[in-house]
Amino acid sequence: MSRFLTEKTKKLKPYIPGEQPKERKYIKLNTNESPFPPSEKAVRYASEAAERLMLYPDPDSAELTAKMAEELGVLPKNVIMTNGSDEVLNFAFMSYCDENTPAFFPDITYGFYKVFAEINNVPYEEISLRDDFTIDLKAYDNKKGLVVIANPNAPTGIFIPLQELERLIASDRNRMVVIDEAYVDFGGESAVSLINKYDNLLVTGTFSKSRSMAGARLGFGVGCPEIIEDLQKIKYSTNPYNVNRMTAAAGIGSLCDREYFDKNCKTIVENRAYATEQLQRLGFKTTDSKANFIFAASDKISGKNLYLKLKEKGILVRYFGAERIKDYLRITVGSKEQMDALISQIADILEETK
Ligand SMILES: *Cc1c(COP(=O)(O)O)cnc(C)c1O
């Protein structure tokens, strides 16, 4: 740290991404990436776009935005494309929170919300999940400020039915609600269908998980035109060229390849059911995940111990260590082969620790 760093930044605790090890080839089940390569169309379009890298990209990403809007069944003026969905989430904190407008989100959820609040000097309250890890939406009823809900939630994978979310959104039309749908393609139901009804709703999504494009950094926000204008204002005040040429082209390629996308989502859902059943057979308790990960705990071994032993055996999973979830691991759903390797290593570890 240099002696010039401000007090505020000194205190900032950055988000800690899952490990991306370089020293050894692991079976990576720790950051919810897809086990499948991106669509061939995405790869081809990106490489064609690379030939024009001397030119700035279109700051409006107009072609990609139009394609995305078509996919979502909304208009281009309802959509903003961003550098990962992390960027649109940060834009939402920048647009809709300040010292007097706090943020509210669950105590167990995506770790970045807290960081966005802190870096933007926004007070925040973390609202406890119920004992069964479900979100108690009623607890948000009298909270004035920005409400951020990941649906399905991370790292629990638990999904809230749209009807219940709509009640939350409708209960106070003078409060902005952000629904982070990073995992919605694996069995949830999108709140995008509500954006024309509520001008206090922003839905965010990403190409990182279901579209196998974590390395491209592409996300989006969907809302009424006024909300999109707000977010565009922040974008043009920070980084107008937030989506690079290759990524925009890859995004269009991915959206043009519906069949491949559907097939991969279906496979993940099947592999999730398979691995969940196998884990339960080994005595694990699991949440009802609608995401591309499984949240699981065994009373035969601590979360930390199992995480370390799996790592020794070449399998990386995510261990958080927070008090309420210290027995749990978040395990990304990978290919059938990866799930078989995971289950057989866990069976061995449980046998060894008997
Ligand atoms: C992965 C994830 C994101 C962000 O993904 P990007 O790669 O920035 O698009 C946002 N929210 C949740 C809950 C996530 O798990």
Side-chain angles (χ1 to χ4, degrees), residues 14-20 28-35 38 42 61 64 68 79-94 103 105-117 119 126 129 133 135 146-160 165 177-188 190-191 202-222 231 235 238-239 242-244 247-248 250-251 254-255 265 268 272 287 289-295 317-318 320 322 325 329-333:
Y15 176 73
I16 305 166
E19 301 158 84
Q20 300 287 1
K28 265 192 97 269
L29 305 176
N30 68 329
T31 51
N32 299 341
E33 290 144 323
S34 171
S61 305
L64 172 62
M68 188 81 236
V79 177
I80 181 171
M81 303 304 300
T82 54
N83 190 308
S85 61
D86 288 337
E87 186 176 57
V88 69
L89 289 165
N90 190 30
F91 287 177
F93 276 82
M94 292 170 85
F105 41 82
D107 61 338
I108 298 167
T109 189
Y110 187 39
F112 225 136
Y113 303 151
K114 208 195 281 200
V115 182
F116 292 138
I119 199 161
E126 296 167 280
L129 296 186
F133 294 144
I135 296 176
L146 175 75
V147 173
V148 185
I149 302 287
N151 195 38
N153 195 18
T156 64
I158 296 171
F159 174 73
I160 303 175
L165 273 186
V177 177
V178 174
I179 307 295
D180 175 351
E181 296 190 343
Y183 300 105
V184 77
D185 298 323
F186 304 107
S190 176
L202 169 66
V203 180
T204 67
T206 178
F207 282 55
S208 294
K209 280 100 189 199
S210 56
R211 293 188 180 274
S212 306
M213 281 177 48
R217 314 306 305 128
L218 187 59
F220 55 93
V222 197
L231 302 172
K235 177 183 118 156
T238 50
N239 186 9
N242 61 339
V243 177
N244 73 71
T247 293
S254 169
L255 291 169
C265 290
I268 294 297
R272 179 180 71 206
T287 55
S289 174
K290 292 280 182 280
N292 68 338
F293 54 81
I294 298 166
F295 198 52
V317 298
R318 191 81 194 257
F320 294 95
I325 53 170
L329 294 179
R330 190 196 68 191
I331 305 167
T332 303
V333 176

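Whatever order the structure lists ligands and atoms in, that order sets their numbers, starting from 1. Residue indices begin at 1 and follow the sequence shown.
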N32 and Y183: side chain donor to acceptor below 3.5 Å: yes
When you pair each N or O of ligand 1 with protein N or O atoms, which pairs come out under 3.5 Å?
unit_1   : atom_1 : unit_2 : atom_2 : d
ligand 1 : 5 (O)  : S85    : OG     : 3.4
ligand 1 : 7 (O)  : S208   : OG     : 2.6
ligand 1 : 7 (O)  : R217   : NH1    : 2.8
ligand 1 : 7 (O)  : R217   : NH2    : 3.2
ligand 1 : 8 (O)  : S85    : N      : 3.2
ligand 1 : 8 (O)  : D86    : N      : 3.1
ligand 1 : 8 (O)  : D86    : OD1    : 3.4
ligand 1 : 8 (O)  : D86    : OD2    : 3.0
ligand 1 : 8 (O)  : R217   : NH2    : 2.7
ligand 1 : 9 (O)  : S85    : N      : 2.7
ligand 1 : 9 (O)  : S85    : OG     : 3.0
ligand 1 : 9 (O)  : T206   : OG1    : 2.5
ligand 1 : 9 (O)  : S208   : OG     : 3.4
ligand 1 : 11 (N) : D180   : OD1    : 3.3
ligand 1 : 11 (N) : D180   : OD2    : 2.6
ligand 1 : 15 (O) : Y183   : OH     : 2.5
ligand 1 : 15 (O) : K209   : NZ     : 3.0

Sequence-distant partners of F159, ring-ring contact (aromatic ring centres under 6.0 Å, His included), two or more places apart: none
Any donor-acceptor pair under 3.5 Å from D185 side chain to K209 backbone: no
Residue list, side-chain contact (heavy atoms from CB on, under 4.5 Å) with S85, at least two apart or on another chain: V88, T206
Any residue meeting side-chain contact (heavy atoms from CB on, under 4.5 Å) with T31, in chain and number order, not counting sequence neighbours: Q20, K28, E33
Plane angle bin for F116 and F93 - parallel if under 30°, tilted between 30 and 60°, otherwise perpendicular: tilted
